[in-house]
Amino acid sequence: MKLQELTKPWVAFNYGFLDESAKREMRRRILKAIAVPGYQVPYASREVPIARGWGTGGLQVTLTLLKPTSVVKVIDQGSDDSVNASSIRKFVGRVGGAVETEDTMAATIIQSRHRIPEEKLREDQILVLQVPDPEPLRAVQPDLSVAREMHGDADYGQLWLVLYEQLVKSGRIMQGSSYPSMVNRRHVMTPSPIPRWDVPKLNQADHLTILSAGREKRIFAVPPYTSVEPLVFDDVPYRVEDHQDKTCYRSNVTGFFMNELPQDDGSSQYELSDSHFGVKHIRKSEAEPVAIGETWYNNGKMD
């Protein structure tokens, strides 16, 4: 037997890579997630040409929403030009014929890992967040069957206890990314590993946010104009990262979320985490015509 006899003749793949059956299931799951904000909807996660844990959940949602007129932006921890972001963006463009962009304001679908852009999103934009671990109760209840019962009963006392223990031991709540948040005053979700800085951007936002975990086969959503409230005590207000006085060494912009870059002499430089937002300001300083959208924060404070 020859190798040629074992191979199938080449045929073009389906539009958007996923078959129509997979897309129909994803759309049904997305609609259910939107109908019950914050509720984790199970789905049959398909194989896509990237490894589990590298954004398969977000990619499946993006491919399901894709159409020829879509304009797609992909972010990896704020950066548009990382290997992961570039590869996913090129793949989506290749299998869907969508326009690729790095401009937040031009995109219709924004797939992101660990960050929400600094520029406000509109009603006609969809934010897709990659989620490695969708279960906020995993740290306190490893048995997922029991965790689902706790969600059904809205029993989140153990989460409050974890936050209280952090407060007693350290004088402040130490939870950084994936801060547990109450959605629509009913379900507690983990808003993916976005920093505390980004969580308030989900509250009463104009845009739809879809969060998908391909490895864990769970999808949940925050519809537009839905309350997202971080779990906080009445006498201990929610605090975001203190980046108010940090200045980006490249764009000279102050008051936004920064990446710290340690230097050889022990000092640190700071760079805007939202890379294209910084590029826009650099181009603006060079007198280029550039449109910068309204931002969630102003001088380090939420508007």
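This is a predicted model, so every value here is computed, not measured. Just so you know, these numbers use all the heavy atoms, side chains as well, and skip hydrogens, waters and symmetry mates.
- Ring pair His281/Phe256 is tilted by interplanar angle, where 30° to 60° counts as tilted.
- In the hydrophobic cluster analysis, where Ile, Leu, Val, Met, Phe, Trp and Tyr join through side-chain heavy atoms closer than 4.5 angstrom, Leu167 is grouped together with Tyr238.
- Taking each heavy atom of Arg185 and Ser227 in turn, the nearest pair found is N-OG, 4.0 Å.
- How far CG of Asn259 is from CG of Asp274: 10.0 Å, rounded to the nearest 0.5 Å.
- The only option from Ile110, Leu208, Ile210 that meets the side-chain contact (heavy atoms from CB on, under 4.5 Å) definition with Leu127 turns out to be Ile110.
- Counting heavy atoms from C-beta on, the side chains of Gln158 and Met150 come closer than 4.5 Å.
- In the displayed structure, Asn252 atom CG is contacted under 6.0 Å by at most 12 heavy atoms of other residues, nucleotides or ligands.
- One finds the CG atom of Asp143 at 11.5 Å from the CG atom of Leu137 (value rounded to the nearest 0.5 Å).
- Residues Ile116 and Asp198 come closest through the heavy atom pair N-OD2, 2.9 Å.
- At most 12 heavy atoms of other shown residues, nucleotides or ligands fall within 6.0 angstrom of atom NZ in Lys284.
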Q | side chain to side chain contact (heavy atoms under 4.5 Å, CB included) between Arg113 and Gln77, worked out | A | CA-CA 6 Å; Arg113 174 176 179 259; Gln77 297 197 29; 3.2 Å; yes
Exercise for review: Quick one: do Ser267 and Asp265 satisfy side-chain hydrogen bond (donor to acceptor under 3.5 Å, both in side chains)? Show the steps, please.
Suggested key: CA-CA 6 Å; Ser267 62; Asp265 60 359; 2.6 Å; yes
**OP:** Applying side chain to side chain contact (heavy atoms under 4.5 Å, CB included), run through Val232 and Val236 and close with a yes or a no.
**Re:** CA-CA 7 Å; Val232 291; Val236 182; over 6 Å; no
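- Using a 3.5 Å distance cut-off with no hydrogens or angles, the side chains of Ser82 and Asn84 do not pair a donor with an acceptor.
- Side-chain contact between Leu66 and Phe17 is absent, with no heavy atoms from C-beta onward closer than 4.5 Å.
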For this session: List the steps, then state whether side chain to side chain contact (heavy atoms under 4.5 Å, CB included) holds for Met182 with Val188.
Result: CA-CA 4 Å; Met182 181 74 72; Val188 168; 3.8 Å; yes
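- Note on Leu65: it does not cluster hydrophobically with Val222, by side-chain heavy-atom contacts below 4.5 Å among ILVMFWY residues.
- Looking at heavy atoms from C-beta onward, Ser212 lies in side-chain contact with Ile219 at the 4.5 angstrom threshold.
- Between Phe257 and Trp197, the ring planes are tilted. Angles from 30° to 60° get that label.
- At a threshold of 4.5 Å between side-chain heavy atoms, the hydrophobic network of Ile, Leu, Val, Met, Phe, Trp and Tyr places Leu211 and Ile75 in one connected group.
- Comment: Glu25 engages Arg29 in a salt bridge, judged by a side-chain N to carboxylate O separation of less than 4.0 angstrom.
- Counting only heavy atoms from C-beta outward, the side chains of Val92 and Val74 never approach each other to under 4.5 Å.
- A salt bridge links Glu47 with Arg52: the distance from a Lys NZ or Arg NE/NH1/NH2 to an Asp or Glu carboxylate oxygen falls below 4.0 Å.
- Closest of all the heavy-atom pairs between His276 and Lys73 is CB-NZ, 4.1 Å.
- Heavy atoms of other residues, nucleotides or ligands lying less than 6.0 angstrom from OH of Tyr164 number 12 at most.
- Considering every non-hydrogen atom in both Thr101 and Arg89, the closest pair reads O-CD, 3.8 Å.
- Of the possible polar contacts, none joining the Gln175 side chain to the Pro180 backbone as a donor-acceptor pair under 3.5 Å is found.
- For Trp296, the CH2 atom is densely surrounded, since the number of other residues' heavy atoms within 6.0 Å is greater than 12.
- Taken together through direct or relayed side-chain contacts under 4.5 Å among Ile, Leu, Val, Met, Phe, Trp and Tyr, Val168 and Trp160 form part of one hydrophobic cluster.
- Taking hydrophobic clusters as Ile, Leu, Val, Met, Phe, Trp and Tyr residues chained together by side-chain heavy-atom distances below 4.5 Å, Val253 shares a cluster with Ile292.
- Note that the NZ atom of Lys120 and the NZ atom of Lys201 stand 11.0 Å from one another [nearest 0.5 Å].
- Scanning both residues, Met189 and Gly38, for their nearest heavy atoms gives CB-O, 4.3 Å.
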Original post:
Would Glu286 and Arg283 satisfy salt bridge (Lys or Arg N to Asp or Glu O under 4.0 Å), going step by step from the backbone distance to the final call?
Top reply: CA-CA 5 Å; Glu286 295 173 350; Arg283 291 171 56 193; over 6 Å; no
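- In this model, a donor atom of one side chain and an acceptor atom of the other lie less than 3.5 Å apart for His151 and Glu135.
- Side-chain atoms of Arg250 and Gln269, non-hydrogen and from C-beta on, never get closer than 4.5 Å to each other.
- Contact of the Phe91 side chain with the Thr62 side chain is not registered, since no non-hydrogen atoms from C-beta on lie closer than 4.5 Å.
- Summarising the local packing, NZ of Lys32 is surrounded by 12 or fewer heavy atoms from other residues, nucleotides or ligands at distances under 6.0 Å.
- Between the side chains of Thr190 and Arg138, no donor N or O sits under 3.5 Å from an acceptor N or O.
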| request: Check step by step if salt bridge (Lys or Arg N to Asp or Glu O under 4.0 Å) holds for Lys246 and Glu271. | output: CA-CA 9 Å; Lys246 304 294 188 296; Glu271 181 182 38; over 6 Å; no
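- A donor atom on one side chain and an acceptor atom on the other are not found under 3.5 Å apart for Tyr297 and Gln244.
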Q) Taking it one step at a time, do Cys248 and Met258 satisfy side chain to side chain contact (heavy atoms under 4.5 Å, CB included)? A) CA-CA 7 Å; Cys248 176; Met258 301 284 175; 4.0 Å; yes
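- Shown here is Arg94, whose CZ atom has no more than 12 heavy atoms of other residues, nucleotides or ligands within 6.0 Å.
- Closest heavy-atom contact between Ala98 and Ser70: CB-O, 3.5 Å.
- Counting only heavy atoms from C-beta outward, the side chains of Val48 and Gln60 approach each other to under 4.5 Å.
- Contact annotation: the side chain of Tyr179 never approaches that of Ile194 to less than 4.5 Å [non-hydrogen atoms, C-beta and beyond].
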